Amino acid sequence: MTETHTPTDAQSLEEKRKLARRTVLAAGSVAVTAVGVGSAFAASDGTAAEQSTEAAAASASEGACYTLTSELVEGPYYIDADKLRQDVTEDQEGIPLFLTLKVIDADTCKPLRNAAVDIWHCNASGIYSGYEEMGSGGGGGGTPPTDAPTATPTDLPSGPPPGGGGGHQEPTDDTRYLRGTWHTDRHGHVAFKTVFPGWYQGRCVHIHVKVHVDGEWTDAGYEGGHTCHTGQLFFDEKSVLLSAEVEPYASNTTTRVTLDEDTIYPDNGHAGGLLYLRYDRHHIARGVHAQLTLGVEPDDTNNG
């Protein structure tokens, strides 16, 4: 239901600004958008189809305006955009995940066209590409990722994780699975094909995301501009429990942190990155469709 309200002369500018950012959840548009995601990855060779997410965009509600999406930590395993692609799966096993994001200006509610969106996440065993020597929280034979907090939120260090520039560590290898960058279309949509993430010590299941604007697309990648949003995308407990019954997730022996236990998830629903999900609860292994609108401030810099 769309809520309408007419500002009075007595309202302050700040109140009007908040009004412009109010959350309007169009229940029908979520399901319709998610259905359209799969069509963007219908290529028989398993790679992402070259067409953009026009099918999803045509079905989605352009009138939905969301609150500013929470800024969260980058984590130590970010690698600058060097894989311009929609299908980031490579040879990784797991439940197919079709992810569609819509990026809008949180002030004007207009879609951001041609923004660069990065995603990266661990595989079913809790391992990040580029950092395989780090292993995972269990069974990986290495040190757990350092964005996995081991203390209560009040005891967490205030500084960035070790690793130098931007707070991320230098890669230990040349693998780049489950990482990719693609541009938003004229409706602000961008779609990726990946696999449902696994988990590692100290963290719930999540996907990292960045949004870059004002840069230039070149043969070498996306250059210049600035990062206006750094966040994380989260999965509800029901979907994670179902995924844990499917191989290779079922072989991940790491103790899993739930969404409620996670010390990074801001506990504010979709504004905090909680994804809308569609799947067959009896056959989740067939695939999951995930969708979310990211409300960002394009003039701000948020490197995480």
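These values consider heavy atoms only, across backbone and side chains, with no hydrogens, waters or symmetry-generated copies. Because the structure is a prediction, the values reported are computed rather than measured.
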- Query: Does E74 come within less than 4.0 Å of K210, counting only side-chain N to carboxylate O?
  - Reply: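 Judged by the 4.0 Å cut-off on N to carboxylate O distance, E74 and K210 do form a salt bridge.
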- With rounding to the nearest 0.5 Å, note down the distance linking CG in D107 to CG in D299.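 Between atom CG of D107 and atom CG of D299 there are 8.5 Å.
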- Message: Any non-hydrogen side-chain atom of D300 less than 4.5 Å from a side-chain atom of C228?
- Response: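 No - every pair of side-chain heavy atoms lies 4.5 Å or more apart.
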- Query: Taking all atoms of both residues into account, what is the closest heavy-atom pair of T218 and E223, and its distance?
  - Reply: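 Of all heavy-atom pairs spanning T218 and E223, the closest is OG1-OE2, 3.4 Å.
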- Task: Test side-chain contact (heavy atoms from CB on, under 4.5 Å) on L72 and F234 and set out the steps.
- Result: CA-CA 12 Å; L72 298 174; F234 298 93; 3.8 Å; yes
- Which pair of non-hydrogen atoms, one from Q169 and one from Y77, has the smallest distance, and what is that distance?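 Shortest heavy-atom separation between Q169 and Y77 comes out as OE1-CE2, 3.9 Å.
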- Query: Counting only N and O atoms by type, is there a donor-acceptor contact under 3.5 Å from the side chain of Y265 to the main-chain atoms of T258?
  - Reply: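 Flag not set: sc Y265 to bb T258 has no pair under 3.5 Å.
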- Query: Distance-only, no hydrogens or angles: does the D262 side chain make a donor-acceptor pair with backbone N or O of I264 under 3.5 Å?
  - Reply: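 Flag set: sc D262 to bb I264 pair under 3.5 Å.
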- Do the side chains of V195 and I95 get nearer than 4.5 Å, heavy atoms only?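 Sidechains of V195 and I95: no contact.
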- Message: Just so I know, are the side chains of T230 and V73 near enough to count as touching, which here means a heavy-atom distance under 4.5 Å?
- Response: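 With C-beta onward as the side chain, the pair stays apart.
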- With distance as the sole test, does D173 use its side chain to make a donor-acceptor pair with the main-chain N or O of E132 at under 3.5 Å?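 Side chain of D173 to backbone of E132, a donor-acceptor pair under 3.5 Å: yes, one is there.
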- May I ask you to test the H229-E71 pair for a side-chain heavy-atom distance under 4.5 Å?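 Yes, close enough: below the 4.5 Å cut-off.
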- Any side-chain donor near an acceptor of the partner, H212 and T227, under 3.5 Å: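 Yes.
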- Message: If we ignore hydrogens and angles and just use 3.5 Å, is the side chain of T69 paired with the main-chain N or O of G295 as donor and acceptor?
- Response: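 Side chain of T69 to backbone of G295, a donor-acceptor pair under 3.5 Å: yes, one is there.
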- State whether the side chain of T175 and the backbone N or O of S129 hold a donor-acceptor pair below 3.5 Å, judged by distance alone.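 Checked: no pair found.
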- Do side-chain atoms of Q86 reach the backbone of A191 as a donor and acceptor pair under 3.5 angstrom?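 Such a contact is found between Q86 side chain and A191 backbone.
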- Message: Using 0.5 Å steps for rounding, measure from the OG atom of S243 to the CH2 atom of W199.
- Response: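 Answer for the OG-CH2 pair, S243 versus W199, is 5.5 Å.
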- R179, K83, R85 screened by salt bridge (Lys or Arg N to Asp or Glu O under 4.0 Å) with E90, the one that passes: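 In the set R179, K83, R85, the residue that makes a salt bridge (Lys or Arg N to Asp or Glu O under 4.0 Å) with E90 is R85.
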- Message: Between the side chains of K110 and D105, is the shortest nitrogen-to-carboxylate-oxygen separation below 4.0 Å, so that they form an ion pair?
- Response: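 No, this pair does not count.
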- Spacing of I207 atom CD1 and C122 atom SG [to the nearest 0.5 Å]: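 Between atom CD1 of I207 and atom SG of C122 there are 9.5 Å.
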- Heavy-atom side-chain contact between P171 and I79 under 4.5 Å: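 In short, these two side chains touch, coming nearer than 4.5 Å.
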- Message: For L294, run the side chain to side chain contact (heavy atoms under 4.5 Å, CB included) check against L233, V190, V117 and tell me which one passes.
- Response: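 Answer to the side chain to side chain contact (heavy atoms under 4.5 Å, CB included) test with L294 among L233, V190, V117: L233.
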- Output yes when a side-chain donor or acceptor of T181 lies under 3.5 Å from a complementary backbone atom of D118, and no otherwise.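 A pair under 3.5 Å: no.
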- Item | Pairwise side-chain contact, I119 with W182, heavy-atom cut-off 4.5 Å (strictly under) |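 Answer no - side chains too far apart.
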- Message: Between R176 and V88 (side chain of the first, backbone of the second, donor and acceptor by atom type, cut-off under 3.5 Å), is there such a pair?
- Response: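 Not confirmed, R176 side chain does not pair with V88 backbone.
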- Hey, is R113 close enough to D185 for a salt bridge, meaning N to O under 4.0 Å?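 Salt bridge: no.
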- Task: Without swapping roles, check the side chain of T184 against the backbone of N114 for a donor-acceptor pair under 3.5 Å.
- Result: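 Between the backbone of N114 and the side chain of T184 there is a qualifying donor-acceptor contact (under 3.5 Å).
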- Does the side chain of T194 come under 3.5 Å of the side chain of H121 through a donor N or O and an acceptor N or O?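 Looking only at side-chain atoms, H121 and T194 do form a donor-acceptor pair, the distance falling under 3.5 Å.
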- Task: Starting from the C-alpha separation in whole Å, work towards a yes-or-no answer on side-chain contact (heavy atoms from CB on, under 4.5 Å) for F235 and F196.
- Result: CA-CA 9 Å; F235 298 79; F196 201 97; 3.5 Å; yes
- Task: Report the distance from atom NE2 of H208 to atom CD of Q232, rounding to the nearest 0.5 Å.
- Result: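 Going from NE2 on H208 over to CD on Q232, the span is 4.5 Å.
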- Item | Contact summary for L97 and A290, nearest pair of heavy atoms |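 For L97 versus A290, the nearest heavy atoms are CD1-CB, 4.0 Å.
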- Does the side chain of H289 reach to within under 4.5 Å of the side chain of Y279, using non-hydrogen atoms?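 No, too far: nothing below the 4.5 Å cut-off.
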- What distance do Y249 atom OH and L242 atom CG have between them, rounded to the nearest 0.5 Å?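 If I round to the nearest 0.5 Å, the distance is 12.5 Å.
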- Query: Which pair of heavy atoms, one from G272 and one from S70, lies closest together, and at what distance?
  - Reply: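 Scanning both residues completely, I find the closest heavy atoms to be CA-OG, 3.7 Å.
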- Step by step, would you call V103 with V296 a side-chain contact (heavy atoms from CB on, under 4.5 Å)? CA-CA 7 Å; V103 184; V296 304; 3.9 Å; yes
- Message: With rounding to the nearest 0.5 angstrom, report the CG to CG distance, L99 to L275.
- Response: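 Here the interatomic distance stands at 6.5 Å.
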- Task: Using the side-chain contact (heavy atoms from CB on, under 4.5 Å) rule, take T172 and M134 through it: C-alpha gap first, then chi angles, then the decisive distance, then the call.
- Result: CA-CA 8 Å; T172 63; M134 301 292 182; 4.1 Å; yes
- Using ring-ring contact (aromatic ring centres under 6.0 Å, His included) as the criterion, point out the one residue from W120, Y78, Y200 that pairs with Y128.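 Filter result, single survivor: Y200.
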- Task: Would you mind checking if R256 and E237 are paired as a salt bridge, meaning a charged N to carboxylate O distance below 4.0 Å?
- Result: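 A salt bridge is present here (some side-chain N lies under 4.0 Å from a carboxylate O).
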- Looking only at atom types and distance, does a side-chain atom of N252 sit under 3.5 Å from a main-chain N or O of A124, one as donor and one as acceptor?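 Yes.
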- Message: Is any side-chain heavy atom of L277 closer than 4.5 Å to one of D236?
- Response: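 They are in side-chain contact.
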- Task: Compare every heavy atom of V211 with every heavy atom of A115, then report the nearest pair and how far apart it is.
- Result: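 Between these two residues, the closest heavy atoms are CB-CG1, 4.1 Å.
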